[in-house]
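Comments concern the structure below.
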Amino acid sequence: MQLKQMYRQWWKEGVVYQIYPRSFQDSNGDGVGDLQGIIKRLDYIASLGVDIVWLNPIYKSPNNDNGYDISDYRDIMDEFGTMADFEELLAGFHARGIKVVMDLVVNHSSSEHEWFKLACSSRDNPYRDYYHWWPAEKGTPPERWSFFDEEGSAWAYHQPTDAYYLHYFDKTQPDLNWENPKVREEIFDMMHFWFKKGIDGFRMDVITFISKHDDYPVFEGVHGDAMIDVYAQGPRLHQYLHEMNREVLQHYDIMTVAEGPGTNLDNIHDLVDEDRQELNMNYHFEHVELGVDQRKIVNADFQNLVKYKEIMSAWATTFDEKGWGTQWHTNHDFPRQVTWFGDDSPAHRVQSSKLLSTFLLTMRGTPYYYMGDEIGMTNAKFDSIDDYNDLMTINWYNLTKNEGGDAEMLLESHKLSGRDNARTPIQWDDSANAGFTTGKPWLKITGNYPEINVAAQEDDPDSPLNYFRQLTRLRKENLTLVYGAYELLLPDDEHIYAYTRKLDDEVILVLLNYSGSQQHCPLEPALIGDNVMINNYASLQSDDSGYTLEPWQAVVIRIA
Ligand code: GLC
Ligand code: CA
């Protein structure tokens with residue numbers, strides 16, 4: 001690949017850092033992270049060398065799904081602060097050269113939104129058509145499953161108007177009716193409102209679900225994939241996104257990224273190719289779905305590296321010519337990266353979390369890095385259902401009980417897969433409540449904070465934190481790591497993930513040992529070099545036959 005042929009963009013060259021505001025820093029002792037808390041930590045965020053911050057929803061919300069249930073799209077959640085705090089925060093980021101991306105949650109609103117209240121007031125209220133209804137006289141609605149519902153159905157009966165409304169997520173998250181042009185207009189207006197304030201983009205929550213099938217086709221298959229595929233293939237998805245681009249996005253220098261359940265290699269180019277004029281990037285779920293069925297099983301081993309490499313390679317190369325990808329291991333909906341893809345035992349936690357960071361920052365595609373991973377935070381692994389806050393875990397626990405299933409088993413599996421594992425507060429230091437709050441934290445702090453915390457890692461040059469800072473610098477200084485062609489080496493090796501990145505005359509080799517034992521990495525002599533750019537060990541062993549990697553060793557070598 002040639003740099004001069006690349007379509008250069010700041011959102012391709014930047015590293016995204018995701019902040020879950022509820023758990024970042026509390027500033028007023030109520031136990032809940034807030035905007036003033038983030039303001040206090042601006043210098044820390046800048047010190048990481050990240051370029052873009054994505055904030056999970058901070059809008060007015062009754063908080064049933066931690067802000068993914070919005071009751072006013074143009075105001076700030078009381079617990080988080082005020083619009084003045086937001087403006088101060090935005091200015092603070094911009095002053096440090098950091099862009100700010102907000103969450104756009106428009107597949108559904110909260111049931112507390114004014115629109116929904118009016119829609120419920122009578123069948124002929126003008127807001128009725130802002131949502132999807134099934135009048136009871138038509139009989140039972142066609143089967144639709146909900147992701148969160150305690151009883152499983154995505155239809156909730158509304159007694160006063162004798163009709164059912166659709167909610168793919170919780171009952172308190174009714175789906176907005178995008179077929180109604182007024183709804184689209186409202187949403188586009190609201191997007192202009194935030195862009196005019198100066199935000200730099202949107203991460204679009206379950207955006208692939210916005211277009212509904214008028215005829216509600218019957219699913220083939222079971223809860224899970226079949227449902228997601230049908231939900232993600234609404235007939236007018238691309239029409240709406242193109243319209244959004246024309247009406248809003250193309251008027252600003254901003255970035256967009258879809259949360260894309262149901263996206264795959266066959267349909268992704270329709271969403272992100274430049275000539276489609278829809279969105280810039282998407283994140284798929286193929287790699288995180290590997291090996292874990294969140295609801296049913298415990299599978300702590302990430303042991304299928306060959307398949308994993310195949311998935312990651314296919315997604316990295318599909319954007320060689322057109323479109324652009326993302327790289328991520330986790331976010332507020334998934335386990336901590338080190339617990340899931342690495343090894344969080346004392347023997348390997350530090351090296352495996354450095355390895356995972358190395359992967360994200362040397363792959364082709366914009367890295368989305370989740371707060372706390374820079375210090376190698378682990379899953380919380382709560383023992384009791386009472387420790388959980390997340391409605392998904394709680395509702396699934398109740399659903400499992402309702403169905404006569406094994407609720408204890410579900411609890412055990414959520415030590416790995418539960419969403420609250422990644423939502424626990426940031427571990428700033430070893431003082432009470434890890435320096436997150438002076439009050440009672442809204443969610444328990446993970447027990448290992450006296451050992452794993454920011455303060456302890458600041459002064460240690462070998463800490464995951466300082467290693468991450470080196471990585472962001474490395475990516476910034478080497479456009480080959482951004483735009484360079486990706487090529488997988490040793491596809492069948494079950495322990496080593498090796499690849500090259502090539503741009504113009506430069507060749508960079510990345511070697512990652514995804515195992516807790518020493519591994520030999522056979523490579524041709526042309527790929528054996530000693531110009532090490534970063535290494536999570538003090539040395540690197542090589543001879544004519546290749547390299548020998550230590551447990552979880554990650555090393556990046558300039559070959560040419
Ligand atoms: C997305 C969010 C998740 C939320 C859901 C419903 O998947 O990331 O946290 O619960 O959408 O809005
Ligand atoms: Ca607070």
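This structure is a prediction, so every number in the text was calculated from the model and none was measured. Both ligands and their constituent atoms are indexed starting at 1 by order of listing.
- Atoms of ligand 1 lying under 4.0 Å from any heavy atom of R419, numbered from 1 in the order shown and given with element: 3 (C), 4 (C), 9 (O), 10 (O).
- Checked against a 6.0 Å centroid threshold, the rings of Y130 and F116 do not count as neighbours.
- Using a 4.0 Å cut-off to heavy atoms of F169, the atoms of ligand 1 that qualify are 5 (C), 6 (C).
- Using a 4.0 angstrom heavy-atom cutoff, R203 counts as in contact with ligand 1.
- The protein heavy atom nearest to atom 7 (O) of ligand 1 is E259 OE2, 2.8 Å.
- Atom numbering of ligand 1 starts at 1 in the shown order; those under 4.0 Å from a heavy atom of F148 are 10 (O).
- Note on residues 373-385: pairs passing salt bridge (Lys or Arg N to Asp or Glu O under 4.0 Å), not counting sequence neighbours, are R336-D373, D344-K381, D383-K415.
- Less than 4.0 angstrom separates some heavy atom of H108 from each of these atoms of ligand 1: 6 (C), 12 (O).
- Shown here are the salt bridge (charged side-chain N to carboxylate O under 4.0 Å, His left out) partners of K212, two or more places apart in sequence or in another chain: D175.
- In this structure, Y164 has its ring center closer than 6.0 angstrom to the ring center of Y157.
- Of the protein's non-hydrogen atoms, D65 OD2, 2.5 Å is the one closest to atom 10 (O) of ligand 1.
- Ring-centre distance between W340 and H329: not below the 6.0 Å cut-off.
- Aromatic ring centroids of F169 and H108 lie under 6.0 Å apart.
- For an aromatic pair to be called close, the ring centres must be under 6.0 Å apart, and Y44 with W428 satisfies this.
- Aromatic pair F341/Y308: centroids less than 6.0 angstrom apart.
- Take the Ca ion (ligand 2) and draw a sphere of radius 3.0 Å; the protein N/O/S atoms inside it number 5.
- Each salt bridge (Lys or Arg N to Asp or Glu O under 4.0 Å) pair with one or both residues in residues 22-41, not counting sequence neighbours, appears once here: R22-E79.
- Within the 4.5 Å cutoff, side-chain heavy atoms of M190 are placed close to those of R74.
- Each of the atoms 9 (O) of ligand 1 lies under 4.0 Å from some heavy atom of R423.
- Using a non-hydrogen distance threshold of 4.0 Å, M392 does not register as a contact of ligand 1.
- The closest approach between a heavy atom of F147 and any atom of ligand 1 is not below 4.0 Å.
- Set against the non-hydrogen atoms of D333, the atoms of ligand 1 under 4.0 Å away are 1 (C), 2 (C), 3 (C), 7 (O), 8 (O), 9 (O).
- Taking the six-membered ring where the residue is Trp, the centroids of Y252 and W194 are separated by 6.0 Å or more.
- Checked by atom type, the side-chain pair D387/S384 shows no donor-acceptor distance below 3.5 Å.
- For atom 11 (O) of ligand 1, the nearest non-hydrogen atom of the protein is D205 OD1, 2.9 Å.
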